[in-house]
Amino acid sequence: MHHPVEPESLDASLTKAAAILRAAKRVAVLTGAGISAESGLATFRGAGGLWEGHRVEEVATPRAFQRDPTLVWRFYNLRRANLATVKPNPGHDALVDIEKRLGDQFTLITQNVDSLHYAAGSKNVLEIHGALRRVRCTRCTRITERGTEALPDLPRCDKCDGLLRPDVVWFEEELPKDVWRPAVEAAYQCHCFLVVGTSAVVFPAAWLIEAAKNGGAKVIEVNLERSAASDRADVVLLGPSGATLPELIKRL
Ligand code: BJW
Ligand code: ZN
């Protein structure tokens, strides 16, 4: 017979999560767009999301860029300009706090391209989907930091005049190995894996939750609502990360 599980109160869940986190010598975190929502950045999916009214394939694939690089650059230049107007929120700050306690036993894996974890002061950050602040030459592959400065609709490489692209990972592209390998390692080796503000539907990022579980970690999820990660989490903390994460830190 099926016994419905009584949902724990947020307070009880926070206490349980704090105990897991306190006991963990090595901690890894996976963040998604939700952690930056309270900084004023739109998430991807759902109402009001960046992709509402867009077919994803129109803006976030290599084919879309080949077909219409101007359209794709307009989309990314708007988002780059918007970055100049936002700052980290208490959710980002709380993760800096955890890193200060654990030092190099802490790894922050982010799917976000907004670089707000660096702005908050996190050090050991793996940006597995790239960064809006960087561009990459489609001809000579050189990567350069361009901050949030305005770029033309079709920006060109200083060295070889090749067409530049945003240094982000589009669908059907491989994740950069120099960040992906250490991300897998950190997930597999950690004792506690914290999943924050991601729908956990994009692979291979979502697979890191599996890697963490396979390595024996306890999984804590922080999200406004249940996600594809929730069934695999040991504790689900429902609420905005900008309030929930600081509350969790208080209990350590
Ligand atoms: C809050 C909150 C608050 C809100 N507090 N929480 C079929 C099946 C399985 C896989 C595939 C398939 N077909 C293709 C694939 C592979 C594909 C994939 O996963 N597709 C699925 C979508 C089906 N993956 C890839 O293509 C990857 N590459 C790859 O697999 O290479 C191998 C390969 C090679 C050749 C051919 C095929 C495969 C690459 C994936 C790259 C993803 N890139 C993007 C765009 C980056 C650039 C840009 O920004 O424009 O990365 S997609 C987009 O999604 C972005 C994000 O990082 C990523 C994840 O989104 P995220 O962060 O989870 O955001 P949301 O909006 O989805 O969720 C927000 C969450 O926050 C929600 O849960 C809210 O509730 C919550 N929230 N406010 C707490 N205040
Ligand atoms: Zn070049």
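Note that ligands are numbered from 1 as they come in the structure, with each ligand's atoms numbered from 1 the same way.
With a 4.0 Å cut-off on non-hydrogen atoms, His129 touches ligand 1 through its side chain and not its backbone. When heavy-atom distances to ligand 1 are checked against a 4.0 Å cut-off, Ala37 comes that close only through its side chain, counted from C-beta outward. Contacts between Arg79 and ligand 1 below 4.0 angstrom, taking non-hydrogen atoms only, involve the side chain exclusively.
Note that CG of Asp93 and CD1 of Ile98 are 11.5 Å apart. Values are rounded to the nearest 0.5 Å.
In terms of polar-atom proximity, defined here as any N/O pair under 3.5 Å, Glu173 does make such a contact with ligand 1. Looking at ligand 1, you won't find any N or O of Ser227 less than 3.5 Å from one of its N or O atoms. Ligand 1 has no N or O atom lying under 3.5 Å from any N or O atom of Val168, backbone or side chain.
Between the side chains of Thr110 and Glu127, no donor-acceptor pair of N or O atoms lies under 3.5 Å. Under 3.5 Å, the side chains of Thr15 and Arg251 contain a donor-acceptor pair of N or O atoms.
Side-chain atoms of Val219 and Lys213, non-hydrogen and from C-beta on, do get closer than 4.5 Å to each other.
Vertex the Zn ion (ligand 2), arms ending at SG of Cys140 and SG of Cys160: the angle is 120° after rounding to 10 degrees.
Residue Tyr188 qualifies as open at atom OH: its count of foreign heavy atoms under 6.0 Å is 12 or below.
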